[in-house]
Amino acid sequence: MSRPVVALVGRTNVGKSTLLNRIVGQRHAVVDDQPNVTRDRLFVPVTWNGRDMIVVDTGGWGLDAESGIGAKVKRQAELAVAQADVILLVVDATDGTIPSDEEVAHLVRAAGKKTILVVNKVDTHRHESLVSDFHGLGVEPIVPVSAIHNLGIADLMDEVVELLPQPQDEDEGDPDSVRIAIVGRPNAGKSTLLNALLGNERAIVDATPGTTRDSLDADLKWQGKNIVLVDTAGIRKRTRVPFGIDYFSVLRSMQSIDRCDVALLVLDAEEPAAGQDVTIARYVLDSGKGLVLVVNKWDLIPAEHKQTHKDWLARRLEFLSFVPVIHVSALEGRNVKLALQRAIEVWKARRQRLLRSSVDAVVQAAVQRHPPPKVANRRLNVIWAHQDEESTWKFVLHVNEPKLVPTTYERYLEHQLRKEFGFRGVPLQFVFVKAGKPRKSQGVSPWKG
Ligand code: GDP
């Protein structure tokens, strides 16, 4: 099922991105410290109290304390708000209510969506009296937080979970079919690839334009496997918004990623690995879905430049070194079936179930060979390790102290597991639990471990 969308709205400088980073916590450090890739973290999958959601920063729409809300910005803001299930309207306690807050509040109230007014920068008790100032905005409930000092975030997330729509039972069909999402930037060639795969344009019908929820899937059979291409309507839909295209197409990609097992991320060979590609790739990894990189428009790259292109991309996307890359020309139908083949391989790798004892043996041998560094004069001790019962790409390590696991060490363990078990195209996730403590099988929050 697609995750519900929780949108942060508000003018610039109220602390939306700091708040988003707080909500995400530390788990993303693994990918964040990679060189060459700056991450504009605008969309993040979050699980709180067992509930999944995407938290998005809708940007400041260029609104600062002085400027008013222009017609164009207003339309964009309305669209962003319309896509959200829960809105967090963020204001700045130290500024008090100012006209642009009122404009945004008006817009949010008009949308009639579930909203929380988040008063940020309540850093000390002294500031708490400032909160009452905001009742005039007419948005309830009001939750004071300090994103910088990490205060009130848990209370805020508890409130958010209360307001999320009830998860619907969606029929995901045959569990043995391979659910594939074709995602990427506008113009990367997704529709062309889709048509090449289906071999017949009439095989699918366009959905009527509407919200991102009106997805339409296409079924096909390939080499005896049932394949579902999710949200074909979204792939073919031309974004009609003249601004904020990235925002809406990324959101739509994410919602189809939520519904897939493996994502084919289509890159434009003439312009590969742009910011938006990286954002989508990270979302796939964060969601624990399989990934295949499809470098499209390969026909446009001169033969003598092909190798340089491959080398450059591999360096640029070093954090995806475990992901298979294929080079295709959707237009000429070249190599397109290889995309399905790779997707199936990744799907199989993602479902592989390992022997409990073999996982523990590989982890223990890795720890023996290369013991973890000491943190605060204490050393990590791995008591035992196993694969998660439900999510086969997750590994649970029972340790003396979960806080003692440096990110670099997590990466080392990942490398060792990959050497032994493959998992090509599958992002591995680690859950560190204090030995002896029972662990809930679901709802690992990004705040922990
Ligand atoms: P989408 O927005 O990602 O669905 O992109 P489209 O499939 O609509 O393709 C955008 C443009 O790129 C169209 O003009 C396509 O004809 C062109 N295109 C798509 N794939 C290829 C390819 O493999 N090679 C070349 N040269 N052009 C392509």
Side-chain angles (χ1 to χ4, degrees), residues 43 79 83 180-210 212 214-218 220 227-257 259-260 262-284 291-310 312-313 317 324-343:
F43 305 81
L79 278 169
Q83 310 280 333
I180 298 177
I182 299 178
V183 295
R185 278 183 295 146
N187 269 327
K190 298 180 296 301
S191 331
T192 314
L193 178 65
L194 176 71
N195 292 341
L197 287 175
L198 292 174
N200 174 5
E201 295 229 13
R202 280 162 303 160
I204 48 171
V205 193
D206 262 343
T208 45
T212 55
D214 58 359
S215 49
L216 203 76
D217 301 342
L220 71 146
I227 294 186
V228 180
L229 297 172
V230 304
D231 192 16
T232 49
I235 296 168
R236 313 182 106 196
K237 189 176 173 180
R238 288 276 149 264
T239 318
R240 283 190 214 104
V241 226
F243 39 76
I245 279 183
D246 282 8
Y247 178 83
F248 296 105
S249 75
V250 170
L251 198 58
R252 183 130 198 174
S253 285
M254 288 176 176
Q255 292 187 316
S256 48
I257 290 164
R259 300 180 53 243
C260 81
V262 182
L264 297 177
L265 173 54
V266 183
L267 307 176
D268 182 337
E270 288 202 304
E271 214 189 319
Q276 190 175 335
D277 298 325
V278 172
T279 303
I280 296 175
R282 289 204 188 285
Y283 187 81
V284 178
L291 180 62
V292 175
L293 290 177
V294 180
V295 182
N296 187 33
K297 309 194 187 178
W298 198 232
D299 52 293
L300 298 179
I301 305 300
E304 65 272 25
H305 292 157
K306 284 190 154 100
Q307 192 53 47
T308 324
H309 190 290
K310 287 180 182 173
W312 180 86
L313 193 64
L317 299 180
V325 184
I326 56 169
H327 298 82
V328 313
S329 171
L331 197 64
E332 296 173 356
R334 227 179 283 169
N335 259 356
V336 291
K337 291 284 157 71
L338 197 57
L340 293 182
Q341 175 139 356
R342 289 286 173 274

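Side chains included, hydrogens not; waters and symmetry mates left out as well; all remaining heavy atoms used. Counting starts at 1 for both ligands and their atoms, in listed order.
- Applying the salt bridge (Lys or Arg N to Asp or Glu O under 4.0 Å) test to residues at least two apart or on different chains, the pairs with a partner in residues 325-336 are Glu332-Arg334.
- Within the 4.5 Å cutoff, the side chain of Pro186 has heavy atoms near those of the Gln276 side chain.
- With ligand atoms numbered from 1 in the order given, ligand 1 contributes 1 (P), 2 (O), 3 (O), 4 (O), 5 (O), 7 (O) to contacts under 4.0 Å with heavy atoms of Lys190.
- Ligand 1 has a nitrogen or oxygen under 3.5 angstrom from a nitrogen or oxygen of Lys297.
- Comparing Val336, Val183, Val294, Asn187 by heavy-atom distance to atom 1 (P) of ligand 1, the nearest is Asn187.
- Residues Val292 and Val262 have side chains in contact (heavy-atom distance under 4.5 Å, counting atoms from C-beta outward).
- Taking a 4.0 Å cut-off on heavy atoms, Pro186 registers as neighbouring ligand 1.
- The backbone N or O of Ser256 sits nowhere less than 3.5 Å from a side-chain atom of Asp231 that would complete a donor-acceptor pair.
- Rounded to the nearest 0.5 Å, atoms OG1 (Thr232) and CD1 (Ile182) are 9.0 Å apart.
- Looking at Arg185 against ligand 1, only its backbone comes within 4.0 Å, counting heavy atoms.
- At a 3.5 angstrom cut-off on N or O pairs, Ser329 counts as close to ligand 1.
- At a 4.0 Å heavy-atom cut-off, ligand 1 touches Asp299 through the side chain alone.
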Could you pull out all donor-acceptor pairs under 3.5 Å where a side-chain atom in residues 263-275 meets a protein atom, sequence neighbours excluded?
unit_1, atom_1, unit_2, atom_2, d
Asp268, OD1, Glu270, N, 2.9
Asp268, OD2, Lys297, NZ, 3.2
Glu271, OE2, Arg185, NH1, 3.3

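- Nearest-heavy-atom check against atom 23 (O) of ligand 1 across Ser191, Gly189, Ala330, Gly333 picks out Ala330.
- The shortest N or O to N or O distance between Ala188 and ligand 1 is under 3.5 Å.
- Side-chain atoms of Ile227 and Leu229, non-hydrogen and from C-beta on, do get closer than 4.5 Å to each other.
- Only side-chain heavy atoms of Leu300 come within less than 4.0 Å of ligand 1; its backbone N, CA, C and O stay farther off.
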